[in-house]
Amino acid sequence: MSEHSPHDDPGNGHDDEPDLVEKFDEIIGAETDRDPDMAVIEAGSRTLRTQAGPPPSDLPTRPEDPELDRELREVENELVGRWPETRLDPSLKRIGALMDVLGDPQRSYPSIHITGTNGKTTTARMIEALLGAFDLRTGRYSSPHVQAVTERISLDGAPIPPEKFIETYRDIKPYVEMVDASSEHRLSFFEVLTGMAYAAFADAPVDVAVVEVGMGGTWDATNVIDAGVAVVTPISLDHTDRLGDTPEKIAVEKSGIVKEGATVVLAQQPVEAASVILRKAVEMDATVAREGLEFGVVSREVAVGGQLLTLRGLGGEYPEVFLPLHGAHMAHNAAVALAAVEAFFGIGAEHARALDIDTVRTAFASVTSPGRLEVVRRSPTVVLDAAHNPAGARATAEAITEAFGFSRLVGVVAPSAEKDVRGLLEAFEPIFAEVVVTRNATPRAMDVDELAALAVEVFGEERVQVEPRLDDALEEAVTLAEEEGEFAGAGVLVTGSVFTVGEARLLLGKDR
């Protein structure tokens with residue numbers, strides 16, 4: 001976007017493109033750390049004494065009909081039998097071939113494409129809520145899932161029903177097999193799911209698709225869409241073995257979602273990452289809206305159950321917006337989502353007007369984000385947050401301190417082995433009185449003995465407890481928190497990995 005007032009006609013913004021490159025250093029500032037993505041494994045459903053009854057949720061459970069459940073499991077098993085989404089091949093050839101034989105369903109609706117390191121899923125949920133509030137039929141594609149694979153494909157703000165998920169898979173399966181037969185490698189788990197999402201959106205049909213990349217951007221299977229709005233949430237170090245070991249290198253890969261003539265909604269970034277995105281925007285003749293310049297958070301104050309925001313969008317200010325999510329990072333997610341929807345409607349470029357404030361307030365008040373500072377029981381309070389890199393952990397530590405004010409906080413930490421575990425532990429050290437280190441049930445989990453040794457280096461031996469099983473770790477953490485008494489205000493934070501939070505969510509009785 002240009003530097004005009006929101007009430008002026010900013011034109012198409014292209015006259016300002018040289019200035020975008022020269023002024024990218026204006027984006028320097030405190031990096032806005034966002035919440036991470038979520039995943040889950042289907043862990044055992046042992047009932048713990050920590051269970052206090054499942055709070056309301058918008059996530060699906062297994063189908064109650066045994067035959068439907070059997071059919072869904074058959075589809076899941078066929079998908080899991082393919083390349084996992086953690087195994088990547090930098091090519092759009094296979095997904096492109098699938099789209100071609102399906103008749104390019106992804107071109108039958110406009111799209112908003114979202115990349116970044118942290119905050120993609122929550123931002124996508126906010127965008128979806130806003131568009132739905134303005135009476136548009138939405139399709140959202142997110143990954144990984146929290147509770148069930150059907151969550152990845154949403155229609156009108158709700159996960160696709162299992163019947164429709166099965167039907168969609170069976171409809172495209174012959175075409176998938178055609179591509180498999182003509183390719184060196186079979187389509188991956190993620191590529192087939194992407195094809196299913198795009199086909200389901202076309203079949204609905206949706207008015208707009210909100211699409212989150214799986215990893216990176218340029219070579220991500222989702223990148224066969226030609227999105228008019230490209231959203232870049234904050235970039236930090238994660239998946240460095242695949243995307244690069246500096247924010248600049250990672251930004252090069254993520255900038256691949258910027259298409260010719262698009263609008264780029266750019267969250268606050270490290271300067272080297274911002275530089276890459278802005279140069280890509282110039283190259284693609286794209287317009288840029290920058291957090292802190294064209295849009296942003298004007299003010300925020302803690303409120304019961306969330307926070308009250310004043311947001312500055314591309315079309316003006318939006319005061320008294322209640323967001324039922326905690327933390328400054330969530331407020332910044334909201335600002336990015338609002339700007340993305342404004343850009344989709346042409347506000348700030350074609351129109352100098354604001355969105356209807358009451359509709360905006362209604363949409364944000366409805367937003368949920370499972371596994372992001374999510375309270376799953378009380379007395380003592382147990383909170384789940386899927387922070388799995390240092391940037392996400394710092395945001396979580398700041399937010400839980402602000403929102404909950406625990407007199408004593410016990411951590412349950414079970415990270416994946418390939419992550420920056422020391423950085424993660426160091427981010428949580430100031431807020432954890434004690435930490436219970438454990439592991440989740442996935443092969444990627446860090447060895448408990450190695451984790452314990454690292455935790456002792458960070459926390460000191462007297463503050464570290466070791467429990468090899470996650471269910472036992474939850475029990476131990478609750479016991480430690482209860483030592484202060486019922487009214488002492490102690491809490492438990494379960495974190496360290498997206499898999500850990502997903503498994504804990506099931507163990508604690510959330511949407512069994």
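Along the sequence shown, residues are numbered consecutively beginning with 1.
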Interatomic distance, [X] atom [atom1] to [Y] atom [atom2] [nearest 0.5 angstrom]:
X: Met126; Y: Leu323; atom1: CE; atom2: CG; result: 4.5 Å
X: Lys173; Y: Ile166; atom1: NZ; atom2: CD1; result: 12.5 Å
X: Tyr109; Y: Phe201; atom1: OH; atom2: CZ; result: 6.0 Å
X: Ile112; Y: Ile127; atom1: CD1; atom2: CD1; result: 5.0 Å
X: Glu253; Y: Thr218; atom1: CD; atom2: OG1; result: 4.0 Å
X: Ser188; Y: Arg94; atom1: OG; atom2: CZ; result: 6.5 Å

Considering non-hydrogen atoms only, spot the tightest contact between [X] and [Y] and give its length.
X: His329; Y: Ala399; result: CE1-CB, 3.7 Å
X: Leu424; Y: Ala393; result: CD1-CB, 3.8 Å
X: Asp180; Y: Arg186; result: OD1-CA, 3.3 Å
X: Val336; Y: Val265; result: O-CG1, 3.8 Å
X: Ala340; Y: Val231; result: CB-CG2, 3.7 Å
X: Ala477; Y: Val492; result: O-CG2, 3.6 Å

Main-chain N/O of [Y] paired with [X] side-chain donor or acceptor, under 3.5 Å:
X: Asp69; Y: Arg62; result: no
X: Ser366; Y: Ala363; result: yes
X: Thr500; Y: Gly496; result: no
X: Arg377; Y: Pro380; result: yes
X: Ser182; Y: Val179; result: yes
X: Gln307; Y: Gly327; result: yes
X: Ser416; Y: Glu418; result: no
X: Thr438; Y: Glu467; result: yes
X: Thr495; Y: Asp385; result: yes
X: Asn77; Y: Arg73; result: yes

Charged N to carboxylate O under 4.0 angstrom, [X] versus [Y]?
X: Glu398; Y: Arg394; result: no
X: Glu71; Y: Arg170; result: yes
X: Asp156; Y: Arg137; result: yes
X: Lys164; Y: Asp171; result: no
X: Arg140; Y: Glu212; result: no
X: Glu177; Y: Arg82; result: no
X: Arg408; Y: Glu434; result: yes

Are [X] and [Y] side-chain neighbours, meaning at least one heavy-atom pair lies under 4.5 Å?
X: Arg372; Y: Met330; value: yes
X: Tyr198; Y: Val211; value: yes
X: Leu68; Y: Arg70; value: no
X: Val435; Y: Val410; value: no
X: Leu98; Y: Glu191; value: no
X: Val413; Y: Val436; value: no
X: Pro105; Y: Met99; value: yes
X: Val383; Y: Phe406; value: yes

Which is it for His113 and Val229 under the side chain to side chain contact (heavy atoms under 4.5 Å, CB included) test, yes or no, and what are the steps along the way?
CA-CA 6 Å; His113 207 177; Val229 178; over 6 Å; no
Assess the residue pair Val437 and Val412 against the criterion (side chain to side chain contact (heavy atoms under 4.5 Å, CB included)); give the C-alpha distance rounded to whole Å, side-chain angles, the decisive distance to 0.1 Å, and a yes or no.
CA-CA 6 Å; Val437 296; Val412 175; over 6 Å; no
A quick test of your reading: do over 12 heavy atoms of other residues, nucleotides or ligands sit less than 6.0 Å from CD of Glu184?
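No, CD of Glu184 has 12 or fewer neighbouring heavy atoms, counting only those of other groups under 6.0 Å.
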Side chain to side chain donor-acceptor pair (under 3.5 Å) between Tyr141 and Thr222: does it pass, once the steps are laid out?
CA-CA 9 Å; Tyr141 182 51; Thr222 62; over 6 Å; no
Centre-to-centre under 6.0 Å for Tyr169 and Phe189, is that the case here?
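Here the rings of Phe189 and Tyr169 have centres that are no less than 6.0 Å from each other.
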Identify which one of Asn333, Asn389, Thr233, Thr123 satisfies the side chain to side chain donor-acceptor pair (under 3.5 Å) criterion when paired with Asn118.
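Exactly one pass, corresponding to Asn389.
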Working note: His326 + Phe404, criterion ring pair (Phe, Tyr, Trp, His ring centres under 6.0 Å); need CA distance, chi angles, decisive distance, verdict.
CA-CA 9 Å; His326 303 291; Phe404 293 92; 5.1 Å; yes
Does the side chain to side chain contact (heavy atoms under 4.5 Å, CB included) test come out yes or no for Thr122 and Leu325, once each step is laid out?
CA-CA 10 Å; Thr122 299; Leu325 301 173; 4.1 Å; yes
Evaluate the criterion side chain to side chain contact (heavy atoms under 4.5 Å, CB included) for residue pair Thr381 and Val375; output intermediate values, then yes/no.
CA-CA 7 Å; Thr381 300; Val375 176; 3.9 Å; yes
